[in-house]
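Read the structure below first, then the notes.
So you know, we letter chains A, B, ... as the sequences are listed, proteins then strands, and number each from 1.
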Amino acid sequence: MSDKVVTRFAPSPTGYLHVGGARTALFNWLWARRTGGTFILRIEDTDQKRNTPTAARQVMDDLKWLGIDWDEGPEAGGPNGPYLQSQRRDIYDKYIKQLLDEKKAYYCFDTPEDLDELRKKAEGDKGGFAYQRPGSFPSEADAEAARSRGESVTVRFAVPQDEPLVVKDLVRGEITFAPGEISDFIIQKSDGFPTYNFACVVDDCLMKVTHVVRGQEHLNNTPGQQALWRALFGDAEPPRYAHMSVTISDSGGKLSKRERPKALLTAIKQIQDTDFDKLANVGGISAEQLNAFIKGKAVPDMPSIDAMAEFLGVPLPEINIVDFFKSGYLPETMVNFLALLGWNPGDDREIMRFEELIEAFDLTRLSKSNSLFDRKKLISFNTEHIKMVESGRLREHLRDYLKIVDSPVAAADDELLSKLISICEGARTLADIDRKTRFLFAEADSLKYDEKAVRKVFKGDAVAILAEVRDKLAAMDEFTEQGIEDMLRGLAEEKQLGLGKVAQPLRVAICGNTISPPIFDSVRMLGREETLKRIDIALRKFGTDGNAE
RNA sequence: GGCCCCAUCGUCUAGGCAGGUCUAGGACACCGGGUUUUCAACCCGGCAACAGGGGUUCGAAUCCCCUUGGGGCUACCA
């Protein structure tokens, strides 16, 4: 085994990178890094109907955000390019021709409708549908004639039917498929593009891939792919396969992108007085489209879903990697958490840095059973990583986050940002830091007061106390944290009250909420002038004539 | 329906391949208590699992079979 390890991540560019894809990418990447091998990014854009032009770009950005880099692929280049399958048509054509010439593949003229019918007919059969190979293969001339008539022409691989197909899997051992179990499958579509099952085999060989780590959903494709490999490349050693378990959502079934629209729909139905025109407007869709969505007939695209959810204030479950970014998770957290979904280092370690993961990763420790994506545990992991990550790096992560969610806190310079982080100790996500410190960037007049907080805090003599606090703050010589603390504690003691009775009215007055950084820091950072201004506004708003000033 | 895979606390899992050291360990969640100026964070304690049934064996969470349950695939998608 002197061969250098080569792994690849081969996404089809249909949208954002989601957690499942990210995990596949990560495992392949970890194995390459662990062994000093090569990690290839290959874009499987062979489906013209589904690919979107920006998706490949997006997937690459998401990978970069996670810290997953590739040695060969788009942007990086490499000796085995091009790395977009749509640019490798001539290569596939060559191998298709070879198979055709050797009678290992044959032309088919069935339309999709024909196939549907065949399948329907086979429904009652004991073995289910299997494509019936013709007694003799159509000739090149037949194909040409069909093409000129505008008929559908595809190419099928003649899968060996007389022997069991054995797949060796690093995770599951040997799996045997009975003779005849795998029927002839299409390797070239009628639009001339290769199918996944074909392109993937050709490219894995040409790109000298040694290990394929992929989801369990591909396990049943493997015998066919291996048979194809033998037909194409004879005894050349095929890659080793490791089929990972599937990730299940904690909201029920399989973790899928459909969960977001589903959650939004549920929310829309629960909200009584929704302004549908406005909602459609916000989502950038027509009233008809919204109606179709509500009736379950159509699903708007992701940006629309996101916009409407934001408008309604409905949190959607994070599925795509960018969703986690926007929710304030660190890439370190995602990588760590994803790595532990179906793998573990064999000891009690859980919170691990990149380097540790690379050092400990091993393909033989992949678990066989499906794992559930536990968001509560994810949050806990994020809390740990926020504590653990180097301060400059955390600041950069925060800056990226504030930018993408368009927070006013983004106006802070590095020094201020670091200070904000330090007073938000114990934050679980970057969103916590943003939420807690936004009050510093608000205008006094337009500060929003949380109703519940006001009701809870401004009762009894809270207003009177706040008025007193105001006067004392105004009278302080030096406006320091220590000074503020001494004053507030002194006042509480004098009145025989807990500090909370004194601090809470002040907290709500300056930030509109009961949730904020520690009160001394908050007041100090707001500054005396602004603090007094806000207290005055609060006194006016919540005070009665008798006890305000 | 057919084929394939899987099965330890609520969840992620260690242990299983080399059966005894497992009265089954850790983490998250949860519950109770502590700390406390809010939210968090933090500290202490607690609850909680080998799916069921047959074998093999002196002995099974660990090996074999069946049942049940879960998942995947069954496309001119990847």
Side-chain angles (χ1 to χ4, degrees), chain A residues 10-14 44-47 49-50 108 110-112 115-116 119 122-130 152-156 167 169 171-173 175-178 181-183 185-191 193-197 199-200 214-223 243 245-246 248 250 253-254 337 340-351 367-381 383 386-387 424-428 432 435-436 453 457 485 488-489 492 498-504 506-508 511 513-520 522:
Chain A
S12 87
T14 54
E44 309 224 326
D45 53 349
T46 55
D47 186 351
K49 291 181 281 295
R50 297 206 319 162
C108 284
D110 312 278
T111 63
L115 293 170
D116 277 348
R119 265 183 218 105
E123 251 166 38
D125 298 3
K126 42 235 149 302
F129 175 75
S152 167
V153 179
T154 58
V155 178
R156 270 180 203 269
V167 172
D169 186 78
V171 181
R172 289 154 218 281
I175 301 152
T176 304
F177 294 78
E181 194 59 57
I182 312 295
S183 77
F185 54 90
I186 292 179
I187 55 179
Q188 188 178 55
K189 310 182 216 180
S190 55
D191 65 4
F193 275 83
T195 60
Y196 157 73
N197 276 312
C200 147
R214 50 165 37 162
Q216 189 201 245
E217 61 268 26
H218 290 289
L219 191 52
N220 289 28
N221 296 146
T222 312
H243 288 95
S245 55
V246 171
I248 311 292
D250 56 358
K254 187 182 165 192
F337 190 74
L340 255 32
L341 231 47
W343 172 82
N344 73 79
D347 51 39
D348 285 343
R349 279 183 295 170
E350 289 205 319
I351 302 296
S367 81
K368 298 178 190 177
S369 46
N370 294 169
S371 43
L372 188 142
F373 191 86
D374 185 352
R375 293 168 195 283
K376 295 233 175 101
K377 189 153 185 165
L378 210 218
I379 289 191
S380 151
F381 267 50
T383 311
I386 285 179
K387 277 187 231 165
C424 289
E425 206 183 44
R428 309 189 61 119
D432 284 351
R435 268 196 298 273
K436 274 187 171 183
V457 170
E485 175 164 1
L488 289 174
R489 285 195 193 281
L499 185 51
K501 289 283 181 212
V502 178
Q504 285 302 78
L506 175 58
R507 190 188 307 280
V508 174
C511 59
N513 207 295
T514 56
I515 300 168
S516 87
I519 191 66
F520 316 126
S522 299

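Under a 4.0 Å N-O distance rule, the pair A:Lys377/A:Asp374 does not qualify as a salt bridge. Using a 4.0 Å cut-off between charged nitrogen and carboxylate oxygen, A:Asp191 and A:Lys189 do not count as a salt-bridge pair.
Across the protein-nucleic acid pair, A:Arg428 atom CZ and B:C28 atom P stand 10 Å apart, rounded to whole Å. Per the geometry, CG belonging to A:Asp116 stands 10 Å off P belonging to B:A75, to the nearest Å. Separating the CZ atom of A:Arg119 from the C1' atom of B:U74 is a distance of 9 Å, rounded to the nearest angstrom. Separating the CZ atom of A:Phe177 from the C1' atom of B:C3 is a distance of 8 Å, rounded to the nearest angstrom. When the P atom of B:A78 is taken as reference, atom CG of A:Asn220 falls 17 Å away, rounded to whole Å. Distance A:Ile182 CD1 to B:C4 C1': 9 Å, rounded to the nearest Å.
Taking atom C1' in both B:A29 and B:U13, one finds a spacing of 14 Å when rounded to whole Å. Only the C1' atoms considered, B:C3 is 30 Å distant from B:U11, to the nearest whole Å. Rounded to a whole angstrom, the distance from the C1' atom of B:C12 to that of B:G52 is 24 Å. For the P atoms, the distance linking B:A27 with B:U37 amounts to 29 Å, nearest Å. As rounded to the nearest Å, B:G53 and B:G45 have P atoms that lie 36 Å from one another. Distance noted for atom P between B:A18 and B:C63: 9 Å (whole Å). Using C1' as the reference atom, B:G34 and B:G71 are 44 Å apart when rounded to the nearest Å. A distance of about 33 Å separates the P atoms of B:C30 and B:C73, rounded to the whole Å.
The listed nucleotides are B:C76, B:C42, B:G71; the one nearest the side chain of A:Val246 is B:G71. Of all nucleotides listed (B:C42, B:G72, B:A78), B:A78 comes nearest to the side chain of A:Glu44.
Judged by Watson-Crick or G-U wobble contacts below 3.5 Å, the nucleotide B:A27 has B:U11 as its partner. Using Watson-Crick or G-U wobble geometry with both donor-acceptor distances under 3.5 Å, B:C50 finds no partner in any strand shown. Under the Watson-Crick or G-U wobble criterion, with both distances below 3.5 Å, B:G69 is paired with B:C6.
Among the protein residues, A:Arg349 comes within range of no part of the nucleic acid, since none of its heavy atoms lies under 4.0 Å from any strand. As judged by a 4.0 angstrom heavy-atom cut-off over every strand, A:His218 is placed among the base-contacting residues. Nucleic acid contact class of A:Asn197 (heavy atoms, under 4.0 Å, all strands): none.
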Open item on the list: What does the B/S/- profile of nucleotides 34-39 of chain B look like, 5' to 3', with a 4.0 Å heavy-atom cutoff to protein?
Closed with: ---BBB
Open item on the list: Using a 4.0 Å heavy-atom cut-off to protein, can you give one letter per nucleotide of nucleotides 5-16 of chain B, 5' to 3': B if the base is in contact, S if only the sugar-phosphate is, - if neither?
Closed with: SSS---SBSSS-
Task: Working for side chain to side chain contact (heavy atoms under 4.5 Å, CB included), residues A:Asp116 and A:Arg119 - done: CA-CA 5 Å; A:Asp116 277 348; A:Arg119 265 183 218 105; 3.5 Å; yes
Task: Candidate pair A:Arg214 and A:Thr222, rule side chain to side chain donor-acceptor pair (under 3.5 Å), full reasoning - done: CA-CA 11 Å; A:Arg214 50 165 37 162; A:Thr222 312; 3.1 Å; yes
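The phosphate of B:C30 (OP1 or OP2) has no side-chain N or O of A:Lys376 nearer than 4.0 angstrom.
Toward the 5′ end of RNA chain B lies the nearest nucleotide of A:Ala427, the other residue of the pair A:Asp191 and A:Ala427 mapping further downstream.
Between A:Phe373 and A:Phe337, the angle of the ring planes goes over 60°, which puts this pair in the perpendicular group of the 30/60° scheme.
Qualifying ring-ring contact (aromatic ring centres under 6.0 Å, His included) partners for A:Phe185, counting only residues two or more places apart in sequence or in other chains: A:Phe157.
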